[in-house]
Amino acid sequence: MKCFLRSLTLLVGLFFYASSHAADALPTLTTPDDVGPVIEQPIEFPHFRHAGDAKDGGMQINCMYCHTYARRSMVAGIPPIQKCIGCHQSIESVRDKPRIQKLFEYWDAKKAIPWKKVHDLPDFVRFNHERHIQRFYFQQDRPYQEVCGYCHGNVKAMTVAQRQKPITMGWCASCHQKDHLVSANSSKTGHGPNDCFTCHK
Amino acid sequence: MSVSNLLENWSEFRHTHPVDDKGYPDWEAYPSDIKWAMAIDLDACTGCNACSVACYAENNLPVVGKEKYSHGQAMHWMRIERYWDENDSGFQADQGARFLPMMCQQCEAAPCETVCPVGATNHTEDGLNSQIYNRCIGSRYCSANCPYKVRYFNWYNYPEQENAWPAPLNQQLNPDLTVRTKGVMEKCTFCKQRTYTARNNAKTEGRPVQDSDVQTACQEACPTGAITFGNLHNPESQVAKQWQSQQVDLIKDVQEKDEKEGNRLRGYRILEELRPYPSVMYLERVRESAV
Amino acid sequence: MTENDFNRRDFLKVLGWGGAAVALSGCGNTSIQDGQETVTSYVTLPSFVVPSISNYFNSTCAQCDAGCNIMGRVREGRVLKAEGNPNSPINRGRMCGLGQSGVQAHYNPDRVREPLLRTGDKGETLTWDKALGLISEKLNGTKGAEIAFVTGGMSGHVQALLGNYMDALGSKNHFSYEAISPAVLRAANKKAYGMSMPRYRIDKAKVVVSFGADFLGAWISPVHFSQQYAQFRKGTRPEGRGVLVQIEPKMTLTGANADRWIAVRPGTEGVLALGIINVLGKAGISIPADIAAVSKEYTAERTSKETDVSAEQIEKLAALLKERTPSLVLAGSAAEGYAHGSQNAAAIALLNRVLGNVGKTVEASASVPFPQIAPTVGNRSSLNALNDGLAAGKYKVVFSYGVNPVFSAPASMKFKDNFAKADFKVAFAHYMDETALAADLILPLDSAMEDWATVVPEYMAAPEGAGSNAYAQMSFRQPMMEKVFPDTRGVGDILLALLKQRKADEYKPFDDFYSYLRNAVLKNKVALGGKAGDDDEVFWNETLSKGIVPFKGIAGSVSAKASAAGLKLPAAADADPSYPLRLIPAVSASMRDGRNANEPWLQESPDPLTTSVWDSWVEINPKTAAKLGIVEGDIVEIASRSGSIKTQAYLFPGIHPDAVSVPVGYGHDAMGRYARGVGANVFGMLDAVYDKETGELALNETSVKISKTGQRVIIVKEEGPAGGSQAGKQKIAVQVSADKVDLSKEV
Amino acid sequence: MGKDIREDIAWAQINKDVLKSLESPRKLYWVIIVIALLVFSVGIGCEVYQYNTGMGVANMDNPHVWGLYIASFIFWIGMSHSGTLLSAILHLMHADWRKPIYRFAEAMTTFSLLTAGLFVAVHLGRLWQVYYALPYPSERWVWPNFQSPLLWDAMAIFTYLSSSILFLYIGSIPDLAICRDNIHQGWRKKLYTLLALGWEGTDRQWRNFRVTYLTIACFLIPLAVSVHSIVASDFAMSQQPGWHVTSFPPYFVAGALYSGCAAIITLFIILRYVFRVEEYMTLPILKKTVRLTFAIAMVWTYLNCIEFASVWYSHDQVAKDVLIQKATGPYAPFWWAMIFCGSVVPFAMMVKKWQTNIPVMFAVSLLLNLGMWLERWMIVAPTFAHGYYPWTWDHDQWPSLIQWGIVFGSFGWFTLLFMVFCKIVPSVSMYEVKEMVYHRSLAKKKEEQAVKEELAVKGAN
């Protein structure tokens with residue numbers, strides 16, 4: 001009997017110890033990528049061409065040149081076709097490429113492009129692009145590619161954007177629990193809100 | 001997430017109340033510089049229901065229809081109560097009726113918060129009593145324990161099965177907050193989506209939130225301006241001035257002025273003696289006796 | 001960028017595409033569904049549109065005739081909510097529940113979606129071209145005198161266009177009809193003060209005595225008066241907190257907020273007013289001789305006997321009025337709905353003169369210098385004229401727009417039958433309401449949030465300050481989003497198209513009503529507050545963005561010469577024993593005359609006093625009910641000489657024992673899913689008794705008897721069976737006597 | 001009064017009698033099974049409808065957010081207590097009369113707990129998210145709220161349930177072995193072989209068995225008390241008038257034992273008839289049970305009075321109002337019925353003649369159960385009807401047929417489980433009855449010996 005009890009205690013203890021460590025190791029800021037599905041878009045937009053590094057043949061356009069609302073609104077927004085046309089009407093060299101032709105078709109028909117959502121959050125979640133951009137891009141002065149990349153992954157290397165991070169609650173919370181510098185030239189740190197109501201609506 | 005994190009985490013997700021077990025208020029422990037609060041002047045309130053309709057419009061409240069209304073399943077986060085004066089022979093109407101707009105009082109020590117088995121309702125740092133719809137499993141314990149009975153349960157699947165917003169009425173739905181489905185509790189949030197936006201904008205501009213930043217939907221609609229809403233921590237805010245001038249203290253369960261003889265102030269909080277420390281102050285309705 | 005001349009019309013067209021994203025039920029969906037939803041995207045987007053941030057467009061509320069200025073909150077191409085325009089002198093950023101529900105009229109699933117032609121009992125859809133062609137066909141060979149157009153109260157450029165159309169048809173038969181209108185008041189005011197709609201200054205009065213004017217609920221411009229009321233109740237204003245006394249047989253929302261609610265015997269309001277004058281005279285107020293001659297016989301005792309108000313109460317009231325000036329005496333619909341309604345109103349107006357309120361709390365308002373857009377007010381006597389004409393077979397083609405006389409005319413008028421006598425009836429309709437159902441051709445209208453219009457309010461509120469007596473304003477109503485249903489049309493567009501049938505050349509320059517309106521406004525740029533040198537485009541855009549166009553009106557003046565000449569109040573008649581009770585059709589703030597009954601928020605927002613929803617009811621004094629053996633929830637039959645209805649009984653302390661009250665606006669048998677079959681229509685059973693001077697239907701002159709049917713229901717209402725009791729002495733809705741609090745130091 | 005178990009009954013006879021009950025019960029057994037199935041399917045139908053449509057079909061509203069489900073939940077939890085009382089407490093007290101009946105009482109404990117658990121599921125608005133209430137290290141970094149009495153409840157009940165099942169099972173092992181040895185083919189043989197865990201009845205096995213059984217019994221007693229105290233905390237920890245009562249935990253425990261004992265009487269009477277075990281479930285045992293029940297009834301009545309009294313002499317006006325409402329308001333008929341059934345009817349058990357009168361006791365036990373069910377309902381509902389806030393006062397909301405249907409169905413579910421169990425596992429503990437018979441015969445022999453010796457002594461003198 002004694003023997004039985006002893007081994008039971010030991011087993012239970014082992015279970016808790018092991019599970020505690022196993023769980024501890026899980027979510028961190030640099031999670032292994034959790035790649036989302038490949039999504040077919042109406043136009044196969046080459047992100048790498050626009051935002052990619054120069055060495056890869058990209059033009060290093062700031063993400064927020066097109067996704068211009070990210071710094072002043074909850075949503076980053078898809079640029080209106082107007083924006084694409086604004087540049088492309090004067091870029092004759094690629095005018096006859098099928099993707100560009102498609103773009104002009106939409107423009108001529110005055111029809112918005114039905115882009116599919118790549119990073120879709122459930123409707124009860126409120127994610128604010130503005131706050132994150134303000135915090136990391138403007139206050140901490142981090143490079144925009146890094147800041148956007150926290151959640152969107154390495155978009156500058158993609159053609160059609162694909163989800164690279166899990167974007168689950170635990171994943172969000174793992175970063176919110178970390179201390180981050182308040183601004184570039186301050187040693188003060190703070191972490192993201194852990195108030196349920198801030199992100200849940 | 002380890003088991004060793006359990007307790008630490010748990011204490012974090014329940015914010016400290018300024019009124020805790022110490023028996024005296026601890027404002028130092030208050031986690032932010034915002035405490036949303038309200039004041040409602042019952043002398044100005046005419047009971048016209050504009051606030052309630054505005055709430056329907058702002059907060060995606062379903063219209064339940066006659067049959068369900070008859071079962072008491074209406075979803076009005078803000079309800080207008082009508083009371084009569086009474087004497088021995090029954091209701092008296094010669095001084096009119098008394099109206100009371102009643103919504104979640106956003107208690108500082110809310111009875112609903114402690115009892116939720118999953119922590120779907122808890123206190124936010126800006127002093128709201130939050131309701132996380134997706135966390136709710138529908139035990140309804142919060143409502144059972146609410147002294148004001150201002151929590152509303154989704155008895156049915158209003159958006160889908162009950163078709164509460166037949167197209168194109170659904171286009172009116174506010175995208176700033178979700179449409180609740182069956183089986184979750186909901187209640188007034190002091191227009192969380194609006195306070196959120198106000199705080200967000202103020203933060204971007206690097207300044208504190210001011211009165212002009214935010215109005216709740218009911219306050220905005222109120223034809224007589226009976227509702228005041230704002231940050232109680234900001235002494236410049238209208239609501240703080242009102243609370244102050246009425247000598248109503250958020251963290252007391254008995255106001256000093258009520259103990260004094262000859263109190264000529266009319267601010268009070270409902271069911272204050274139960275010590276939930278509600279965030280809504282009402283101002284007594286005044287009636288002239290000379291006529 | 002590429003399109004610099006970006007105007008609002010195009011903006012609405014390109015903004016959202018194929019319906020924008022709708023908030024979905026969120027709680028069931030815990031998983032992320034990448035690639036399932038579509039992003040809201042745009043072709044072009046003006047810089048002021050930022051996704052997730054709302055834009056506000058100024059417009060004007062169309063839910064009632066007060067003309068409150070509103071802002072539509074627009075997100076992703078959808079209007080979400082109406083909010084008050086803070087710059088409006090009328091509603092000052094506030095709104096009532098009725099106004100809030102305007103979005104539900106806009107998105108209503110029961111709107112008429114395409115033109116319909118009735119053949120026999122069946123309807124068929126047809127194109128606009130065919131519909132308009134049909135009208136043209138029917139009008140050919142029809143004399144102008146055979147064409148009638150019935151509308152509600154109208155103003156602005158739609159009215160101007162309608163006027164032009166009627167001229168083009170050679171018809172003078174424009175009938176402006178309102179089921180509930182202050183027509184008697186207008187006439188009485190004209191006589192007493194020299195203008196039909198002076199400005200009332202509740203906010204300046206120390207005492208307001210209101211004879212049945214429900215200014216917080218459904219009287220003239222309730223949101224504006226609520227603003228004034230809020231001022232009036234402030235202890236911090238120089239006059240101190242005001243005292244409101246409401247005198248009426250059935251408690252209205254205003255009565256519920258009164259310091260003293262006095263239940264007067266129905267119809268004796270004028271007597272009471274004269275009684276008060278009599279007592280005031282005795283108390284030393286100087287009474288002009290003509291008034292004294294009339295009032296002298298109304299001693300406190302006699303008045304008390306006739307009105308059922310105690311002499312003590314009359315004296316108290318007189319003392320208060322004498323002590324606290326200025327005061328304001330209002331005459332409202334409850335006092336006017338009698339055969340002697342005009343007399344009542346005149347007697348009440350005398351009080352203002354006696355108390356010296358005219359010019360202080362009854363102020364002059366401005367009139368509009370442009371007669372084409374100045375408001376045409378509706379009343380019921382015009383319906384009588386139309387009905388007589390229809391009965392005589394005078395009209396062959398009848399247009400109706402914005403009114404529902406088939407629903408709101410008393411059955412004794414036989415309006416429906418007479419309406420059927422016309423050969424061709426065209427209804428400009430929002431819903432398939434009773435009148436649209438009786439019409440031959442139904443033209444679907446844009447909602448007020450899709451349409452262009454200008455509105456000039458009848459009650460001209462003005463901002464504080466100099467020149468306010470010459471202040472006038474025109475408000476814009478403009479589209480806030482793309483049409484919900486693509487095949488509806490604005491009333492202006494329809495009228496323009498019809499006009500083009502008659503005068504193609506004159507209206508050729510105008511593609512649509514928008515261009516007509518723009519042209520008309522820009523033509524009068526200077527008169528509307530612009531400078532001659534202003535750029536048209538800039539002026540137009542600024543005007544639209546403000547939504548309010550103030551302009552200089554013709555300053556009026558009020559005369560304090562209300563005369564008692566010819567004033568004769570009938571002695572209270574003994575009740576007919578077979579119809580012992582007086583029926584008071586109640587106008588509630590949300591239901592009004594029933595035109596908005598299909599908006600679910602209004603149906604579900606409880607009546608403030610009875611807290612009843614989704615049904616009509618009859619209010620009975622508990623004493624009367626006890627006599628008749630009626631308890632709450634009994635289905636009773638209310639029968640008048642002209643008809644009867646059945647509805648549920650509600651025992652209500654706020655009603656005179658000699659009266660019963662049923663709300664109007666319920667009892668539609670058409671209109672839509674939320675209105676149909678809800679409650680009973682009290683309009684139908686009204687006796688055809690008219691005010692002797694104005695010919696207005698005397699709403700309160702119907703005598704009824706009540707009998708139980710034996711059925712009983714549980715009333716669907718917000719209050720519990722405890723009936724709003726606060727027993728248990730808990731501090732819930734606390735009331736305090738004015739002398740127990742110090743209001744002067746409040747913030 | 002009937003005969004008690006014969007001391008000279010042969011052990012083989014015991015085996016034979018009890019095993020026979022597993023094979024050929026009376027026809028009534030099948031009738032009961034069919035009825036239980038029907039009743040249960042009514043409940044299932046109602047629940048499926050409610051699950052798909054929403055809780056609204058149960059006719060609950062604000063403020064009546066809880067209804068019969070919670071009342072029935074407490075009722076079934078309460079019912080589970082007497083199993084523990086009979087098997088654990090009386091085991092420790094060496095009351096040997098419990099032996100023929102403790103097995104089914106213990107089964108009752110387990111199955112009523114399972115039924116109670118059903119009500120938690122039925123009651124939740126979003127049953128499909130119930131795992132949120134489980135304390136597991138989740139990806140979301142959130143935990144359930146350990147402050148909530150509801151969570152304590154869940155934990156307590158789960159612990160109690162698992163311990164009860166363990167207790168029931170361990171106690172049945174020797175009997176399962178007997179079954180295994182006496183049945184020669186079919187699925188039963190396989191089942192018993194599996195469940196008997198290779199029991200051979202060796203001395204060492206018996207010794208270990210005794211220790212284990214005793215340990216669990218000791219563990220179970222505080223657990224039982226705590227479970228119902230915690231259920232009481234659901235109410236006592238809240239702020240509502242009529243619930244916020246300090247004496248609720250003991251009151252609930254007493255109520256639980258009370259209703260459990262009443263249920264034992266009911267089932268005792270049914271079982272002894274259906275399974276033809278009149279030989280073992282004898283009237284003297286019934287008499288003892290009835291007396292025990294009466295004692296508990298008096299304790300409950302006392303605590304009930306204490307509760308009223310403490311409300312009465314406190315200055316809590318609102319709580320007082322609730323009490324007055326209970327006695328005079330719309331719930332009055334039910335409340336007085338509860339007083340009648342719970343505090344008046346038990347006096348019938350004082351009548352000696354009736355203590356062993358089967359029909360009378362059957363009726364009485366049903367009434368007691370009804371009373372105890374009403375008691376739970378009278379705790380839950382009137383507080384909602386007359387809480388702190390006057391606007392919601394006196395607004396009655398009666399349960400809909402759907403709600404009644406589910407409550408009704410739960411009785412079918414319980415009966416079904418219980419009856420099937422009794423058909424598979426011997427409802428009379430064979431080895432304990434043997435023990436009892438053995439001890440009694442020993443005692444008798446001793447007594448006879450003593451008499452003999454006395455006589456011998458006398459004779460010698």
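By convention in this document, chain letters (A, B, ...) are assigned in the order of the sequence lines, proteins followed by strands, and residues within each chain are numbered from 1.
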*Salt-bridged, C:D110 to C:R673, with N to O below 4.0 Å?*
yes
*Residue C:N108 versus chain B: region with a heavy atom under 4.5 Å*: backbone
*Taking C:R111, C:M95, C:R241 one by one, which has the highest count of heavy-atom pairs under 4.5 Å against chain B?*
C:R241
*Relative to chain C, which of B:R266, B:R82, B:H76 shows the most heavy atom pairs under 4.5 Å?*
B:R82
*Sort out for me which of B:E272, B:R98, B:Q238 touches chain C most, counting heavy-atom pairs under 4.5 Å.*
B:R98
*Would you mind checking which part of B:A57 comes under 4.5 Å of any heavy atom in chain C, side chain (CB onward), backbone (N, CA, C, O), both or neither?*
both
*B:K182 NZ/CZ over B:Y158 ring centroid, <6.0 Å and within 45° of normal*: no
*So does B:R194 pair up with B:E220, basic N to acidic O under 4.0 Å?*
yes
_Intermediate values then yes/no, side chain to side chain donor-acceptor pair (under 3.5 Å), B:E284 and C:Q735_ = CA-CA 5 Å; B:E284 288 166 357; C:Q735 175 170 309; over 6 Å; no
*Side chains of B:E288 and C:R324: does their closest heavy-atom pair fall under 4.5 Å?*
yes
*asked:* Taking side chain as everything from C-beta outward and backbone as N, CA, C, O, which of these in C:V736 sits under 4.5 Å from a heavy atom of chain B? Side chain, backbone, both or neither.
replied: both
*Could you tell me which residues satisfy side-chain contact (heavy atoms from CB on, under 4.5 Å) with B:C45, sequence neighbours excluded, listed by chain and number?*
B:F99, B:P101, B:A226
_Side chain / backbone / both / neither for C:Q603 at chain B, heavy atoms under 4.5 Å_ = neither
*Under a 4.5 Å heavy-atom cutoff, which of B:A44, B:A93, B:G96, B:P223 has the most pairs with chain C?*
B:P223
*With chain B, which of C:Q104, C:R233, C:R73, C:R260 has the greatest number of heavy-atom pairs at distances under 4.5 Å?*
C:R260
*Structural part of C:E719 lying under 4.5 Å from a heavy atom of chain B*: side chain
*Does C:H224 reach the side chain of C:N91, with side-chain heavy atoms less than 4.5 Å apart?*
no
_Heavy-atom pairs under 4.5 Å with chain C - which of B:I270, B:T46, B:N263 has more of them than the others?_
B:T46
_Can you tell me which portion of C:F225 sits under 4.5 Å from chain B's heavy atoms? Options are side chain, backbone, both or neither._
neither
*Using side-chain contact (heavy atoms from CB on, under 4.5 Å) as the criterion, point out the one residue from C:H106, C:M449, C:R113 that pairs with C:V484.*
C:H106
_B:R287 side chain to C:A258 backbone, donor-acceptor under 3.5 Å_ = yes
*asked:* Heavy-atom pairs under 4.5 Å with chain C - which of B:A167, B:A74, B:C222 has more of them than the others?
replied: B:C222
_Flag side-chain contact, heavy atom, 4.5 Å: B:M103 against B:W77_ = no
*Checking B:N234 side chain against B:E236 main chain: does a donor-acceptor pair fall under 3.5 Å?*
yes
*asked:* Under 4.5 Å from any heavy atom of chain B, what part of C:K234 do you find: side chain, backbone, both or neither?
replied: neither
*asked:* If we define contacts as heavy-atom pairs under 4.5 Å, which of B:Y83, B:Y282, B:F91 has the most with chain C?
replied: B:Y83
*For chain B, which of C:L609, C:V245, C:V678 has the most heavy-atom pairs under 4.5 Å?*
C:L609
*So which of C:N257, C:D607, C:L320, C:V716 has the largest heavy-atom pair count under 4.5 angstrom toward chain B?*
C:N257
*Check each atom of C:F232 against the heavy atoms of chain B and say whether the ones under 4.5 Å are side chain, backbone, both or neither.*
neither
*Could you look at C:T610 and say if it's the side chain, the backbone, both or neither that has a heavy atom under 4.5 Å from chain B?*
backbone
*From CD (C:Q63) to CG (C:L98), nearest 0.5 Å*: 5.0 Å
